[in-house]
A.B. asks: 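Mind having a look at this structure? Questions to follow.
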Amino acid sequence: MSENEIKNTPEIFLKPYDPKEHEKNIYKLWEESGYFNPDNLPGEREEAFTIVMPPPNANGSLHAGHGLVFTIEDIMVRFERMRGKKALWLPGADHAGFETQVVYEKKLQKEGRSRFGMDPKELYDEIMDFTLSNKSFMENQVRELGASCDWSRQKFTLDDDVIEIVYNTFKQLEEDELLYRGARIVNWCPKHQTSLSNLEVNYYERKDPFYYFQYGPFVIGTARPETKFGDKYVVMHPDDKRYSEYEHGQKIELEWINGPITATVIKDEAGDPEIGSGVMTITPWHSNIDFEIAKRHNLDYEQVIDWRGKLLPIAGEFAGMNITEAREAIVKKLDEKGLLVKIEENYEHSVPCCYKCDKEIEPQIREQWFVKMKPLAEKAVTALDAGEFKFITDRDERVFRDWMNKIDDWNISRQIVWGIPIPAKVCGSCGHGMVDLKDTIKKCTKCNGAVSPDPDTFDTWFSSGQWPLATTGFPDGKDFDTYYPTSVMETGKDIIFFWVSRMIMLGLYRTGKVPFRKVYLHGMVRDKHGQKMSKSKGNVIAPSEVQERFGTDALRMGLMVNNAPGSDMNLDVDKVNAYKKFANKLWNISRFTLDNLAGYDPQTKLTDTDTQNIKTHLTTAITEITDHMNKDRFDIAAERIYHFVWDYFASTLIEESKSLLNSEDVSVKASRQKLLAEYLTTSLKLLHPFMPFVTETIWQELPKELKDQDILMVAKWPDE
RNA sequence: GACCGAUUAGCUCAGCUGGUAGAGCGCUACAUUGACAUUGUAGAGGUCACAAGUUCAAGUCUUGUAUCGGUCACCA
């Protein structure tokens, strides 16, 4: 009989729970079991559950936000795995184009080097080495967080098959006429010397002088005198009565910065009579609105500022000057010529800046590849309307819809080396761009002119926007059939536009199906006072340090409890400490239970009291917790389990059992043993998705009679 | 400028479809070496931002006000 099976309580329990002692071994146990790979999971499993991991940037170590991502996703996957699904969590790493190049440029700078002037190939190889070494370092950290992802399916955004999918999408976009190469105003960062998408620009409120100049018979206002060299069009609203004497197209001779010029009057509704004098001159090469006006009236364009942010020869004596130093000099000259009317100080406006270096963006006209987004966005909205996917919070859905409704064409060209090269040829004479996957185009298909390869790379989000396809082996991999559309996309709400929206649009475009059924967006992790973590503030909480002090399970609980989906959370290490104590509590609960199991008989019948106890306490706990899990309220579920285990199991049930375990009545004692064992195994299961290490460590020490699987990770979720 | 969110215990935050306020940390007192490098018990502390409204009943719904955040747009 089993009496012999239940030996003394394992010695391991004589010491408090020490995470460091067990975590590595437990992860190894899981990894070697093969159960991270859904193909190896025990039992018949019909339904797939898939999460594609947001691939962390392979250019640094993990931060607290990563801790949250991997915890939430691991909870989801472990839960579904225990519920008998084919649970796949597909890990990856992101080369993170511009982000990584910026990190690497800082490194170069420290070494007294610069990417400008370097051989592009050499630079690429260096960044590749850097990225690959970071990648393996980072993967280790993912393991330490307990992530139960299938490493055998791991993907890197520069894998050949990923690139192939990206190239085919590029080609198909061309065939479907959703792609064009054209001269458009782009956001140009003079420091990084690349264009950026609208999303990569931050605006800062600033107070600057605002200048009024005499421009022939008009007074014009500007905050940017340095762009005014090429201004030979003067624009006003057609209905502005003050200027009704001037006609559209009328030529006016006037004195300007570097001598007399001929200006042309343009009547356009973009001229706002309310602002300044109601008259403006335009600089189509360096302003979006001006560019639009110029296009409407078929006006000339001229570049005034070069790619490094210096004035071109058109500026005459000012050529070669930096725009900031040029500004004063130009105002001075105009003043000397008697053309400065007045200066208004403290003009409030917002200035676009590079999101990486905070340097001012210089709008420029440049030939770039653009994707027409409207048709793609419409399909995404239709799919949302049809319920093919949903956002966990209504708030996120509204944010998504708003953006979809006013989406701009997407500039996918970047002038950086670190990324996927754009497979295209550009005509030297007419500027026509042609997608060329196999390097077969030798002459311009439009004008027969000579062509050269496009030196640019893709915006990194263009490739990661196809991540769910790439990871599941679109178009013909078997994983694609089984796991696409994936179940959940869980990522930070800060990349809803950058990434989530693009995956939806590109996924629908390539496959006709949404890439995921559900979007769960978490908020940002801040410090305990709600401050954004930053190195300069010195308030960065590195997950590895917290794990070191309190254990991974404690960190995971600290990140989950009281953290409502979608809202930002403040992480306080004191809170994490509370869950370290909780892990130890569970440890001692297990010790007590095992201490009292001598003579345990699985065949024992529960007394009526104990049967009733299960119904009123255990079953309701299971039901409620499962319910919260199903609603993605892991924060509430975690708290419910915590109180169930501590307040009920430990404080109430164990306390009242102490006397019953000494009962003269054998059936009462045996029933209690069974009851406690039942509570213990169930608690371990309920808690496992949240605190996988301590629960698995305990599970490994339990006698066989109590277990339905050798490994808790694949044990069956308790029945309600 | 447009939109969105937040305002609940000293601190950081939960509170789902409305029914006399909860967690962690901190604080006070007492008990305890017991499964528990502790834990247990008891307690202090909140007119749930403000105002009006709906309701038998409002942190919870509606409207408005204030303060703080966020997102998007925009350099005449």
Side-chain angles (χ1 to χ4, degrees), chain A residues 9 13-18 198-199 201-206 208 210-213 219-224 227-228 231 235-236 270-283 286-290 347-353 360-363 393-396 398-399 402-403 406 408 493-494 496-497 523-524 526-530 532 557-558 561-564 566-596 627-628 631 633 635-636 638-640 642-643 646-647 650-651 654-655 657-658 676:
Chain A
T9 308
F13 288 110
L14 296 179
K15 291 194 299 181
Y17 175 65
D18 179 8
N198 292 345
L199 290 174
V201 174
N202 288 330
Y203 287 85
Y204 293 107
E205 293 295 325
R206 233 169 52 185
D208 284 314
F210 192 78
Y211 308 93
Y212 289 91
F213 299 120
V219 172
I220 56 158
T222 183
R224 300 203 55 191
T227 63
K228 295 291 157 196
D231 290 14
V235 179
M236 62 210 68
D272 187 343
E274 301 292 313
I275 300 176
S277 58
V279 176
M280 62 177 173
T281 61
I282 58 169
T283 316
H286 298 289
S287 155
N288 209 3
I289 299 175
D290 297 2
Y347 164 67
E348 284 183 40
H349 62 156
S350 52
V351 181
C353 295
E360 270 188 54
I361 288 293
E362 188 55 65
T393 65
D394 297 341
R395 189 175 18 172
D396 294 331
R398 276 198 301 272
V399 170
D402 286 351
W403 197 62
K406 57 180 182 193
D408 299 322
K493 67 178 180 186
D494 55 330
I496 180 170
F497 303 138
M524 303 295 101
R526 301 170 186 281
D527 79 358
K528 72 168 171 179
H529 296 298
K532 199 171 173 178
M557 281 295 272
V561 176
N562 249 355
N563 181 12
S567 56
D568 292 348
M569 77 151 323
N570 301 348
L571 180 60
D572 182 356
V573 290
D574 285 339
K575 186 175 158 195
V576 178
N577 190 35
Y579 298 106
K580 180 191 174 172
K581 288 197 221 163
F582 179 55
N584 196 50
K585 188 76 180 177
L586 185 70
W587 190 250
N588 283 294
I589 287 169
S590 309
R591 176 182 173 181
F592 176 85
T593 304
L594 293 175
D595 272 345
N596 287 285
D627 192 44
H628 289 134
K631 289 179 181 156
R633 289 308 301 263
D635 53 328
I636 300 175
E639 196 174 3
R640 180 75 174 84
Y642 174 86
H643 288 291
W646 200 309
D647 297 345
S651 299
I654 286 188
E655 290 309 322
S657 297
K658 283 176 179 170
L676 288 175

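FYI, side chains are in, hydrogens and waters are out, and symmetry mates aren't considered; it's all heavy atoms of this structure. Numbered from 1 within each chain, the chains take letters A, B, ... in sequence-line order.
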A.B. asks: Of all residues at least two apart in sequence or in a different chain, which pass the side chain to side chain contact (heavy atoms under 4.5 Å, CB included) check with A:D272?
C.D. replies: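 Only A:E274, A:I275 meet the side chain to side chain contact (heavy atoms under 4.5 Å, CB included) criterion with A:D272.
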A.B. asks: Provide the distance between the two C1' atoms, one in B:A58 and one in B:U47, to the nearest whole Å.
C.D. replies: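 Approximately 14 Å lies between the C1' atom of B:A58 and that of B:U47.
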A.B. asks: Tell me, what's RNA chain B's dot-bracket, Watson-Crick or G-U with both distances under 3.5 Å, | for other-strand, [ ] crossing?
C.D. replies: (((((((..((((........)))).(((((.......))))).....(((((.......))))))))))))....
A.B. asks: Distance between the P atoms of B:C74 and B:C25, in whole angstroms?
C.D. replies: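 These two P atoms come out 48 Å apart once rounded.
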A.B. asks: Return the set of residues passing side chain to side chain contact (heavy atoms under 4.5 Å, CB included) with A:K228 (not counting sequence neighbours), or none when no residue passes.
C.D. replies: A:T222, A:D231, A:W256, A:I257, A:T281, A:T283
A.B. asks: From B:A35, B:C75, B:A76, pick the nucleotide closest to the side chain of A:F210?
C.D. replies: B:A76
A.B. asks: Consider the side chain of A:K658, meaning its heavy atoms from C-beta on, and name the nucleotide among B:A76, B:A35, B:G24 that approaches it most closely.
C.D. replies: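 Between B:A76, B:A35, B:G24, the one nearest the side chain of A:K658 would be B:A35.
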A.B. asks: Residues in salt bridge (charged side-chain N to carboxylate O under 4.0 Å, His left out) with A:R206, at least two apart?
C.D. replies: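 Listed in chain order: A:D208, A:E360.
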A.B. asks: Sub-3.5 Å donor-acceptor pair from the side chain of A:N577 to the main-chain atoms of A:V573, do we have one?
C.D. replies: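 No, the answer is negative, given that no donor and acceptor are paired below the 3.5 Å cut-off.
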A.B. asks: Give every pair of a protein N or O atom and an N or O atom of nucleotides 3-9 of chain B that lie under 3.5 Å apart, one pair per line with the distance.
C.D. replies:
unit_1	atom_1	unit_2	atom_2	d
B:C4	O3'	A:R398	NH2	3.4
B:G5	OP1	A:R398	NH2	3.3

A.B. asks: Taking only residues two or more places apart in sequence or in another chain, which ones pass ring pair (Phe, Tyr, Trp, His ring centres under 6.0 Å) with A:H349?
C.D. replies: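 Scan of A:H349 (ring pair (Phe, Tyr, Trp, His ring centres under 6.0 Å), adjacent residues dropped) gives A:Y347.
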A.B. asks: Look for any protein N or O under 3.5 Å of an N or O in nucleotides 39-43 of chain B and output each such pair with its distance, or none.
C.D. replies:
unit_1	atom_1	unit_2	atom_2	d
B:U39	O3'	A:K585	NZ	3.4
B:G40	OP1	A:W646	NE1	2.4

A.B. asks: Between A:W587 (side chain) and A:D18 (backbone), is there a donor-acceptor pair under 3.5 Å?
C.D. replies: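 Such a contact is absent between A:W587 side chain and A:D18 backbone.
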A.B. asks: Run the salt-bridge test on A:D402 and A:R398 with the 4.0 Å N-O cut-off and return the result as yes or no.
C.D. replies: no
A.B. asks: Can you sort out the partners of A:V201 under side chain to side chain contact (heavy atoms under 4.5 Å, CB included), two or more places apart, ordered by chain and number?
C.D. replies: A:N187, A:Y203, A:P352, A:I361
A.B. asks: Indicate the ring-plane relationship of A:Y642 and A:W646, choosing parallel, tilted or perpendicular according to the 30° and 60° boundaries.
C.D. replies: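 Tilted, since the angle between the ring planes falls between 30° and 60°.
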A.B. asks: Could you check which of B:A76, B:A35, B:C72 has an atom nearest any side-chain atom of A:T222?
C.D. replies: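 Of all the options, the side chain of A:T222 is nearest to B:A76.
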A.B. asks: Pick out the pairs of N or O atoms, protein on one side and nucleotides 14-17 of chain B on the other, that lie under 3.5 Å.
C.D. replies:
unit_1	atom_1	unit_2	atom_2	d
B:A14	OP1	A:S567	OG	3.4
B:A14	O4'	A:N562	OD1	2.8
B:G15	OP1	A:R633	NH1	3.4
B:G15	OP1	A:R633	NH2	2.9

A.B. asks: Quick one: salt bridge (charged side-chain N to carboxylate O under 4.0 Å, His left out) partners of A:D635, sequence neighbours excluded?
C.D. replies: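 Testing A:D635 for salt bridge (charged side-chain N to carboxylate O under 4.0 Å, His left out), a comparison that skips the adjacent residues, returns A:R633.
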A.B. asks: What interatomic distance, in whole Å, is found between C1' of B:G10 and the corresponding atom of B:G53?
C.D. replies: 34 Å
A.B. asks: Base, sugar-phosphate or nothing for A:I361? Non-hydrogen atoms, less than 4.0 Å.
C.D. replies: base
A.B. asks: Sequence neighbours excluded, which residues qualify as salt bridge (charged side-chain N to carboxylate O under 4.0 Å, His left out) partners of A:K406?
C.D. replies: none
A.B. asks: Only counting residues at least two apart or in another chain, list the ones meeting salt bridge (charged side-chain N to carboxylate O under 4.0 Å, His left out) with A:K493.
C.D. replies: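 Here the qualifying residues are A:D568.
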A.B. asks: What integer number of Å spans the C1' atoms of B:U12 and B:C50?
C.D. replies: 24 Å
A.B. asks: Taking atom C1' in both B:C48 and B:G22, what distance in whole Å separates the two?
C.D. replies: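 It works out to 12 Å between them.
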